[in-house]
Amino acid sequence: MANLQMTGILEKMTGKDKDYRYMATSDLLNELNKEGFKADTDLEIKLSNIVLQQLDDVAGDVSGLAVKCLAPLVKKVSEARVVEMTNKLCEKLLHGKDQHRDIASIALKTIASEVTAISLAQSILVTLSPQLIKGITSPVCSKYNVSRSCHLEVSSPLLHNFLLHSFLPQGMSTEIKCECLDILCDVLHKFGNLMANDHELLLNALLSQLNSNQATVRKRTVSCIASLASSLSDDLLGKVTVEVVRKLRTKGAKPEMIRTNIQMIGALSRAVGYRFGPHLGDTVPVLINYCTSASENDEELREYGLQALESFLLRCPRDIYSYCDEILHLALEYLSYDPNFTDNMEEDTDDESHEEEEEEYVFKKCIFVIHINMLPELAINLFNPVVVCSESENEYTDDEDVSWKVRRAAAKCLAALIVSRPEVLAKLYEEACPKLIDRFKEREENVKMDVFNTFIELLRQTGNVTKGKIDMNESRQVSVLLCMENLPYIKFIYSNLSCPRWLLKQEVPKIVKSINRQLREKSIKTKVGAFSVLRELVVVLPDCLSEQIGSLIPGIEKALNDKSSTSNLKIEALTFTRLVLASHSPPVFHPYIKALSSPVLSAVGERYYKVTAEALRVCGELVRVVRPDIQGFGFDFKPYVRPIYNAIMSRLTNQDQDQEVKECAISCMGLVISTFGDNLKTELPVCLPVLVDRMGNEITRLTAVKAFAVIATSPLRIDLSCVLENVIAELTAFLRKANRALRQATLGTLNSLIVAYGDQIGSSAYEVIIVELSTLISDSDLHMAALALELCCTLMTDRKSSPNVGLAVRNKVLPQALTLIKSPLLQGQALLALRNFFAALVYSANTSFDTLLDSLLSSAKPAPQSGGVAKKALHSIAQCVAVLCLAAGDRKCSSTVDMLTEILKDDSSTNSAKQHLALLCLGEIGRRKDLSLHANIETIIIESFQSPFEEIKSAASYALGNIAVSNLSKYLPFILDQIDNQQKKQYLLLHSLKEVIVRQSVDKAEFQDSIVEKILKLLFNHCESDEEGVRNVVAECLGKIALVEPAKLVPALKVRTTSPAAFTRATVVIAVKYSIVERPEKIDEIIYPEISSFLMLIKDHDRHVRRAAILALSTFAHNKPNLIKGLLPELLPLLYDQTIVKQELIRTVDLGPFKHIVDDGLELRKAAFECVDTLLDSCLDQVNPSSFIVPYLKSGLDDHYDVKMPCHLILSKLADKCPSAVLAVLDSLVDPLQKTINFKPKQVAVKQEVDRNEDMIRSALRAIASLNLLSGGDCSLKFKNLMSEISKSATLWDKYYSIRNE
């Protein structure tokens, strides 16, 4: 039946009526698109013949439908039919009628795009390639014999094209060539790797066409060779490059041929990426020479040269490094290249209010042009051997000036240099930044946009490489405070004057001055670009416009008020205004509030929702600026209260608007009420119910809840009596909702409301809230649990809290808290909230101390089915016991300590769990309260050092150190004396000493001089201990003492860097690591001149010392990157060297029946790669990624499991921050990644090994996902094949898909 229907369709397709043919062809297309369509051999032949026949239909709409039929037909017929159709189409293309050539070309492209099977593609290529080559290489057949001796110089490109197409018609072969080249380009792009045997033949055929006299042929040939290049072997790629460079070096070559060959170089670079790197030595000097020596009117040649150099910078960053200076100077030179316009035509003026003058142009040359009235005569003479061209001097028009293309190419080349070379930012600020600022005055708008974009790239790169750096204002303040004896540190401070952020700060006045001129331009596009620059400037350098705000206000006003302003311009202006208001001190804006508020409030009423939403956000910042504090001294904010309120209220009450506007209006109204509530008493009964109403809407309720939190925390104590009961009821109901963000916001808002308005809320409402809170306290969401416990504490401490509230807490919340305390996940804010909860229970007298203490101690007892309480949980219980005791008072605390010491005196080995908890409790209590009144408590604790259980020994050490914190004069000498006399207990006693020192460093409390000397002597004596644990404790103690007494410690540590004992050298370097913390410390200025003494131990012959130096370097890079910035050029090569596998560190251990290989350098390599990872975050401007990726990162990707993991993270980071450097060597990174994802553990592998391999595969896939986001990654055939392999493996694809969507 289906065949009968198809036969009917085919008959109608051959009918005389074109409408019938159209409908039949449409029906055929529908049938072919059906999934179940199948055709037998006879039908296949008929279908292919009729579709090819329809391609020649005189009706264009019928032939168009026939082309569409080809796409599904190729997939539904046999391979032989597709090959047959291809041959027939090639015949039509090469030998058919003129009118059928275009449709045959489109049909061939359709077939090429639809073929997916490799076998079919190979069959098609066998016949298609020779015919395309034949079409390309056939000689040009011209219809007219035009004398080539005629040289015509035409000033207008439009006139040139008119003459060319009107009087120089090309032969049919030229059109065929162009079509063949187009088809071949598509085929090579898709199947280039399948045509390896024909590569040389194709290449020779295409290279010959670069000499064609027809520009269209040369242009298509360039694209074709570029498509072929991505699959060429290195030898053939070298051949085409050598040939093109040879042509460029040939003297006397025609200008158009030179331009074509330069385009060819750029296209090759873009196509093959890093593979072009080895040829840069031959090509770059040639291109630079052509750019500098080109004739004055040859702008296209300069443009193509700069575009090629831009491609080199992005695709071959490692190999182009040595030419960067030359390219920078060339780009800067041509950034202002404008031979037809002199500098005196637009003189800068300091009078910012002066009207713009009309730009005048001075032309430096005369152009020969052809008079329009000579065209008829010229049309006749063009076909004679002699052509007479008349010279005439005429006016030069701006349409004929194409020098802007050179400036645009220079700007893009400079942007490529900025993006690919973060390490030369300081130099770019010195040389490029002033030039870019000066070029903001560019007269061609498109070029001006590129200049703006280039400057924005400079700003963004500055933000990327200076994250975490100290602000120079702070640096200068520190340097003033330093005395002259700290001269090296002062030098460090001023060495930061080369920091990109500081250099940018010096240019801010010039930037603003230049941008202000652009904001007075008529062009909307220019103003949008100017605001984009300002916005990025504020993001990178907050608070940099304090002195220039006044000059920017008129530009903002004009952008928002001008009737000609577009939505894009208003959004850009408002976004900048919001950022500048948020990042600067409020008094800076007070003189300009009147001028600023009017246009912003007008923008709130705009129809376009994005403008309105942004204007409302600006209003929120404006509210904070107008009244930064409640006193409001120095600025009268009252005139602005009503206008702001009215503008926002009109939006708040309007229901028919976008969700974004609704949310912004709610947030802004919350700020207005919170800030101006005391001046809006009559309006509050109107606007507060509206906010409550928004809480009832599922879309806006989260924003409304947050708005009430802002209102509740207002120091104005806003009167909420009209809505408070409804708000509490709504919020209580929200605690049952599934939306996590809503529940979190609700808990915070309830807490704020109860703190501020607890006296107006009934106790019955408290009880309902407590019941809801009990369900939120669990370790499945610790953040939610912390918020719930904080709210519980607030409820209990409220003065109106009734006994019923206490009963509800005891029955509902306490059981949940006692369950939570046993969780090994408990930490941070949740643990702090839990401690406060138990203290609040005692303070509120809702629950007796003894009952709570018993409950806590009982929670430490292991349940029969659980198998014991986690060690982390015991520490949590001990902290809660300590807080409970302190809250209960001295008597209860003393009795608890006595009870705990009695537990310790019990020698029963079955009592170990109780003893463990007792020691931890004593330590926590002793850290908070002096226990010296309890006689011999230290002796009782130290006796636990004899326990056979390691956890009890560790707890005893912890307890002894902590009780010493509250009474150093009594307990510290005891600990030091025990360290000297008890050799067997030294490790535990050193841990006790560490607890004391760490606590003192945190509290910034100083030791007595005599004590310090004694501690140092003792610690230095243990630096050479054979036990690594002892050395680590000693190092941490020395590091923390250095924070307290840096002047004594730093010289003492430096002296020991030259100790003959390797363990001593390693220990002092680790000590320095512990002394470097994130917050500013006194040690910073003292250690700066001596850093190299410690970090240069990375060259030490002992691996332990080298690893210690790497760990110290990593800590410096993370916490104080500015301290090591000057040392990195020397340290980085030494660090990279530690990432290499060293055979001398690999040894074989004979274990009798088998041998075991031990790699002692594994930890060293792992530490080195982790250090590089940290440096990429904090010191990117000092790292040259190209020199690190190969060979160091490449070898790490093929190393041990522990090394691969950090290498995958580094690769992902580099793909994000330095994409061009990764693209340059992408092929070489594929093999180790492919090996990792395809690795299969042995069948006898244990579960741990299988899980570890799964983690490794996911880690590698995460890196691959980052690489797949790279723009230009498709240049790497190996990477495309890797992605294809992943997509074909169901297991790998599922993992990759889940990772990509994380």
Side-chain angles (χ1 to χ4, degrees), residues 136-137 139-140 142 145-155 157 160-161 163-164 168 170 174 177 203-226 238-269 276 279-309 312 323 326 330 333-334 337 339 364-370 382 385-389 391 402-403 405-406 409:
I136 290 167
T137 55
V140 176
S142 298
N145 180 21
V146 181
S147 171
R148 303 218 175 264
S149 61
C150 168
H151 177 68
L152 202 61
E153 187 173 358
V154 185
S155 63
H160 178 271
N161 288 335
L163 292 172
L164 187 67
L168 300 177
Q170 307 305 316
T174 299
K177 274 189 181 184
L203 190 59
N204 291 332
L206 291 169
L207 284 173
S208 67
Q209 298 309 305
L210 287 177
N211 299 322
S212 171
N213 291 320
Q214 310 305 321
T216 52
V217 173
R218 295 198 304 272
K219 183 177 179 181
R220 285 172 168 80
T221 302
V222 167
S223 300
C224 221
I225 294 176
K239 177 183 176 181
V240 65
T241 307
V242 168
E243 177 64 18
V244 174
V245 172
R246 183 189 64 76
K247 290 179 180 179
L248 284 173
R249 286 177 173 163
T250 302
K251 294 184 178 179
K254 294 179 181 178
E256 60 268 23
M257 297 301 176
I258 294 172
R259 288 194 288 269
T260 297
N261 285 308
I262 290 176
Q263 278 185 297
M264 187 70 258
I265 291 288
L268 281 174
S269 168
F276 198 79
H279 307 291
L280 292 183
D282 297 325
T283 54
V284 174
V286 174
L287 292 179
I288 292 176
N289 180 54
Y290 268 115
C291 286
T292 53
S293 63
S295 61
E296 190 171 293
N297 61 347
D298 201 349
E299 279 86 1
E300 279 193 343
L301 190 148
R302 291 188 176 89
E303 180 192 8
Y304 297 155
L306 288 165
Q307 286 173 346
L309 292 172
F312 296 159
Y323 299 102
E326 290 180 73
L330 189 72
E333 178 185 350
Y334 286 112
Y337 174 78
K364 300 180 178 179
K365 61 178 183 177
C366 296
I367 306 283
F368 293 102
V369 296
I370 301 173
L382 271 173
V386 179
V387 174
V388 178
C389 297
E391 283 185 17
V402 292
S403 63
K405 292 183 178 181
V406 180

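Because the structure is predicted, anything quoted here is derived from the model rather than measured.
For R246, the salt bridge (charged side-chain N to carboxylate O under 4.0 Å, His left out) test picks out E243, with sequence neighbours left out. Applying the side chain to side chain contact (heavy atoms under 4.5 Å, CB included) criterion to A226, with sequence neighbours excluded, gives A267, A271. Contacts of R220 classified as salt bridge (charged side-chain N to carboxylate O under 4.0 Å, His left out), with partners at least two apart in sequence or in another chain: D182. Shown here are the ring pair (Phe, Tyr, Trp, His ring centres under 6.0 Å) partners of Y337, two or more places apart in sequence or in another chain: Y334. Judged as a side chain to side chain contact (heavy atoms under 4.5 Å, CB included), and not counting sequence neighbours, the contacts of N204 are E200, K239. Listed by chain and residue number, Y304 satisfy the side chain to side chain contact (heavy atoms under 4.5 Å, CB included) test with Q263 (two or more places apart in sequence, or in another chain). Judged as a side chain to side chain donor-acceptor pair (under 3.5 Å), and not counting sequence neighbours, the contacts of K247 are N211. In terms of the side chain to side chain contact (heavy atoms under 4.5 Å, CB included) criterion, residue partners of E333 (sequence neighbours excluded) are, by chain and number, L330.
Using a 4.5 Å heavy-atom cutoff, the side chains of L210 and L207 are in contact. In this structure the side chain of I136 never reaches within 4.5 angstrom of the side chain of V217, judged on heavy atoms. E326 has its side chain out of reach of P285: every pair of non-hydrogen atoms, C-beta onward, lies at least 4.5 Å apart. Here the side chains of I225 and V244 are not in contact, with every heavy-atom distance at 4.5 Å or above.
Sorted by first and then second residue, the salt bridge (Lys or Arg N to Asp or Glu O under 4.0 Å) pairs involving residues 209-219 (not counting sequence neighbours) form an empty list. Annotation: salt bridge (Lys or Arg N to Asp or Glu O under 4.0 Å) contacts involving residues 253-268, sequence neighbours excluded, comprise R259-D298, R259-E300. Applying the side chain to side chain donor-acceptor pair (under 3.5 Å) test to every pair with at least one member in residues 282-295, sequence neighbours left out, gives these pairs: S295-N297.
Of all non-hydrogen atoms in A253 and I258, the two that sit nearest each other are O-CD1, 3.7 Å. For the residue pair I265 and V245, the shortest heavy atom distance occurs at CD1-CG2, 4.2 Å.
To the nearest 0.5 Å, atoms CG (L309) and CG (L287) are separated by 5.5 Å. We find the SG-CD distance between C224 and Q209 to be 10.0 Å, quoted to the nearest 0.5 Å. To the nearest 0.5 Å, atoms CZ (F276) and CG (L268) are separated by 5.5 Å. To the nearest 0.5 angstrom, E303 atom CD is 10.5 Å from C291 atom SG.
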